[in-house]
2 protein chains.
Amino acid sequence: MKKVSLKDIATEAGVSTALVSYVLTNKDKKARIGEEMAKKIREIARKLNYQPNHIARSLKSGRSFTIGLIVADISNPFFANIARTIEDEAKKHNYNVIFGSSDENVDKSQDLINVLVNRQVDGLIITPTEGSEQQIRQLQEQKIPFVLIDRFFPEIAASYIAVNNRESAAGAVSHLIKAGRKRIGMVAYKTTLHHISERIGGYQDALQQHGIKATNSLLKKARYSHLKEDIRLAIDELLKGKHPADAIFFATNSLAIEGLKYINTLGIRIPDDLAVITFDEGEALDLFYAPVTFVRQPILEIGKAAVRVLLEQILDGTTTTTAICIDTTLVVRKSCGSR
Amino acid sequence: MKKVSLKDIATEAGVSTALVSYVLTNKDKKARIGEEMAKKIREIARKLNYQPNHIARSLKSGRSFTIGLIVADISNPFFANIARTIEDEAKKHNYNVIFGSSDENVDKSQDLINVLVNRQVDGLIITPTEGSEQQIRQLQEQKIPFVLIDRFFPEIAASYIAVNNRESAAGAVSHLIKAGRKRIGMVAYKTTLHHISERIGGYQDALQQHGIKATNSLLKKARYSHLKEDIRLAIDELLKGKHPADAIFFATNSLAIEGLKYINTLGIRIPDDLAVITFDEGEALDLFYAPVTFVRQPILEIGKAAVRVLLEQILDGTTTTTAICIDTTLVVRKSCGSR
DNA sequence: CTTGCAAACTTAAACGTTTAAGCATATTTT
DNA sequence: AAAATATGCTTAAACGTTTAAGTTTGCAAG
């Protein structure tokens, strides 16, 4: 049973394919098609269960109505939910999403970009990995519309959607200070990515603002590639000595979850022995015996904004960049002690 | 900067596009192209940074090298990881994945199928929703290759990849019995989907096998659409009365997570007051103070098998169905008490 | 009864590939 | 030396759409 094409309908109706095309794309008014003929064609189309061939359409129009999405890690619920939001939002505009996960790997990122561009996506939404500046610049040269999310490169003028990481981090740390914590440690990723630097900056801002000296011994960085080991080490170091940390600020949910898994094994009680706060939500953090206070990034808003900005760029064909910075909210729960 | 096409290369080299096509698709041997000409063409292609237009290629070949994936809920880590595995596996075979989440909604499922089929996917991998039998039958009639995962309809002969739900569930429940639990409740979804029925069946099998009478008062079903409320109700009912349940078997991870969130608020201690066991993993279950014993479904294996079976069907053009049933493993942790 | 124009359709080219078939020219086989 | 085969390339059609431009017919206006 071959696919039904315009030609089949045309033959059945005894007319040209052009006529059928006009009718089925609702240009019958503009193209002055006779009413009864239009009706007849629509009927035959329904009878034969005609489904337009999207590929042929794309070839003709030069647009695929597909956007490519590259997330840093699809198994992270933050990105999974971003992906879902973007998919939903794109569908509202009759766009589809092809996605891939770069797993924070710059080569995989390049591969994905190549594949998606070959597939003629009309634009890209990307969480750029560390060291992918060149890839981004190349997209600009090729005039391929794209929007960065979650992270961006301050030295590259490109559209992006991000949250005010610095202020949000500072807010989280201030919360710890107000809850009476004195020795506040931070666990971040070892990366040059701007959003992480900003979160670290915010941590330091808050300490300074409250007259606490930020010492390097309380700032720990874990490699994405050696998460488990590095986190164990970091937490060991934070909690050892005469003056152990009495609070930890995790820069992302994956860090927090790994960290808490380890903390659990140490018999340390949250929030009595240690307060914990993190960026990003996650079911694991809800279910934790002391539900974890966290900085909520408005995923829905981010996803919607990303699609909106990208589609504007695609439709207008403009090169103007739009940078959007969204506020977060601090969701206070038990992990920092009651106030 | 327009995209570079075969024609551009052909013009630059002073030859026909056919020649260029032969060379760049490595059919130069077969098509008896001169060596130096082949070299020249390849050089020009590199110089102009030629990227083949996948859409044109698809139109010609009638194949899109894209598979459509419909999961039941992308925000569920089980499906997110399935999606990731399938994407990776597909990429190995030079296939891309377009995905969508049906959110267990039969209309959304139909929408997704339509969209994906219009996009000319070469085949589909689907977690069918309740009531989607007709959709599946229609795919069969249209001779569109597809593979069901996670669930299937016993009355429809179609390829599927699933786990031995009944035996796995029975194993889990046996584990509870061996751990000394007497009054074992189960929380499942209110659905006619076969995999859930099987898990319920396995629960009953195990009870019977150990000479315990399966009573309906210990079997609770929650609606997907009213998860929170129904789970609260279910758990209230299981734990009330003179003879409250001393163990609960959750049919999926989403049920377990919602259930445990509520159980947490009741001040009930796991495993002392109540043993808990569930299907599927999840970080939340790891981080729980009593890490939850669970039935592990081999996600990697499922994803790989799905892609393999689907590609076989696509390539061979056969209509033969392949049903694969995979074993699970019980991962024992603290939530059922130590043995 | 022309001319003008609107209505209802058709023609044909185009999008970027692939590939069977064709056509010279050169080389080998008989 | 004629016939067969090899070599290196071109032509042209095809995939399923879209759409500008063209054609035919009928009818009202001049």
Side-chain angles (χ1 to χ4, degrees), chain A residues 1-42 44-45 48-66 94 117-122, chain B residues 1-42 44-45 48-66 94 117-122:
Chain A
M1 194 159 59
K2 268 289 267 81
K3 283 271 175 65
V4 179
S5 74
L6 285 187
K7 205 194 277 179
D8 300 319
I9 301 179
T11 310
E12 175 94 7
V15 297
S16 70
T17 62
L19 192 49
V20 180
S21 173
Y22 283 127
V23 171
L24 296 184
T25 50
N26 295 313
K27 299 204 181 61
D28 47 340
K29 286 275 131 47
K30 220 176 136 192
R32 307 165 315 206
I33 313 293
E35 256 187 63
E36 39 208 314
M37 183 52 91
K39 206 173 148 198
K40 181 176 170 192
I41 287 173
R42 273 187 245 274
I44 295 177
L48 299 184
N49 188 30
Y50 169 73
Q51 300 289 116
N53 182 326
H54 207 277
I55 288 185
R57 208 173 251 182
S58 292
L59 181 58
K60 188 80 225 304
S61 67
R63 296 178 51 194
S64 63
F65 289 92
T66 303
N94 281 315
V117 169
N118 278 14
R119 298 258 156 175
Q120 316 298 124
V121 295
D122 293 340
Chain B
M1 194 159 61
K2 269 289 267 77
K3 284 269 175 65
V4 178
S5 74
L6 284 187
K7 205 194 277 180
D8 300 319
I9 300 179
T11 310
E12 175 93 8
V15 296
S16 71
T17 61
L19 194 48
V20 179
S21 172
Y22 283 127
V23 171
L24 296 183
T25 50
N26 295 313
K27 299 203 181 64
D28 47 338
K29 287 274 131 49
K30 219 174 136 194
R32 310 163 314 203
I33 314 293
E35 255 187 62
E36 37 208 315
M37 182 53 89
K39 209 174 144 196
K40 182 177 171 190
I41 287 173
R42 272 187 245 272
I44 295 177
L48 299 184
N49 188 30
Y50 169 74
Q51 301 289 119
N53 183 324
H54 206 277
I55 289 185
R57 207 172 253 179
S58 292
L59 180 58
K60 189 79 226 303
S61 67
R63 295 178 50 195
S64 64
F65 289 94
T66 303
N94 281 316
V117 169
N118 278 13
R119 298 256 156 177
Q120 316 297 126
V121 294
D122 292 340

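Each chain gets a letter, A, B and so on, in the order the sequences are listed, and its residues count up from 1.
- In plain terms, the two heavy atoms of A/Gly62 and A/Asp122 that are nearest each other are O-OD1, 4.4 Å.
- Residues passing the side chain to side chain contact (heavy atoms under 4.5 Å, CB included) test with A/Thr25 are A/Ser21, A/Lys27, A/Arg57, sequence neighbours excluded.
- For B/Asn49, the side chain to side chain donor-acceptor pair (under 3.5 Å) criterion is met by no residue, not counting sequence neighbours.
- Of all heavy-atom pairs between A/Gln120 and B/Pro52, the closest is OE1-O, 3.9 Å.
- Rounded to whole angstrom, the span from the CD1 atom of A/Ile41 across to the P atom of D/dT17 amounts to 14 Å.
- Every residue meeting the ring-ring contact (aromatic ring centres under 6.0 Å, His included) condition with A/Phe65, not counting sequence neighbours, appears here in chain and number order: A/Tyr95.
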So which protein nitrogen or oxygen atoms get under 3.5 Å of nucleotides 24-26 of chain D's nitrogens or oxygens?
none

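- Contact annotation: A/Lys27 side-chain N/O to D/dT18 OP1/OP2 distance is not under 4.0 Å.
- In the helix from C/dC1-D/dG30 to C/dT30-D/dA1, the terminal helix axes, each the rotation mapping four pairs' C1' atoms onto the next four within five end pairs, subtend 60°, rounded to 10°.
- Per the geometry, CG belonging to B/Asn118 stands 13 Å off C1' belonging to D/dG16, to the nearest Å.
- Residue-level contact check: B/Thr25 touches the backbone only, with heavy atoms under 4.0 Å from sugar-phosphate atoms and none from bases.
- Between A/Lys39 and A/Asp28 there is no salt bridge, since no side-chain N of the basic residue sits under 4.0 Å from a carboxylate O of the acidic one.
- At least one donor-acceptor pair under 3.5 Å links the side chain of A/Thr66 to the backbone N or O of A/Ser64.
- Checked by atom type, the side-chain pair A/Asn53/B/Arg119 shows no donor-acceptor distance below 3.5 Å.
- As a whole-Å value, the separation of B/Lys3 NZ from C/dG16 P is 10 Å.
- Nucleotide C/dG16 holds its C1' atom 9 Å from the CD atom of A/Gln120, rounded to whole Å.
- In this structure, the side chains of A/Tyr50 and A/Ile44 stay at 4.5 Å or more apart for every pair of heavy atoms.
- Whole-Å rounding puts the B/Lys30 NZ to C/dT19 P distance at 8 Å.
- Considering only side-chain N and O atoms, B/Arg57 lies under 4.0 angstrom from the phosphate OP1 or OP2 of C/dT18.
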- Task: Using a 4.0 Å cut-off on protein heavy atoms (strictly under), produce a 5'-to-3' string for nucleotides 4-14 of chain C with B for base contact, S for backbone-only sugar-phosphate contact, and - for none.
- Result: ---BBBBB--B
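- Across all strands shown, A/Ser21 has heavy atoms under 4.0 Å from base atoms, whether or not it also approaches the sugar-phosphate.
- Between the P atom of C/dT18 and the CD1 atom of A/Ile55 lies a distance of 14 Å, rounded to the nearest Å.
- Nearest heavy-atom pair, A/Ala38 versus A/Val23, reported as atom, atom and distance to 0.1 Å: O-CG1, 3.7 Å.
- Smallest separation of non-hydrogen atoms from B/Lys7 and B/Thr17: CA-CG2, 3.8 Å.
- When heavy atoms are screened at a 4.0 angstrom cut-off, A/Ser61 is found touching no nucleic acid atom at all.
- Here D/dT18 presents its P atom at 12 Å from CG of B/Leu59, a figure rounded to the nearest Å.
- Residues B/Leu24 and B/Val20 form a side-chain contact, since some pair of their non-hydrogen atoms from C-beta on lies under 4.5 Å apart.
- Counting to the nearest Å, the P atom of C/dT17 and the CG atom of B/Leu24 are 9 Å from each other.
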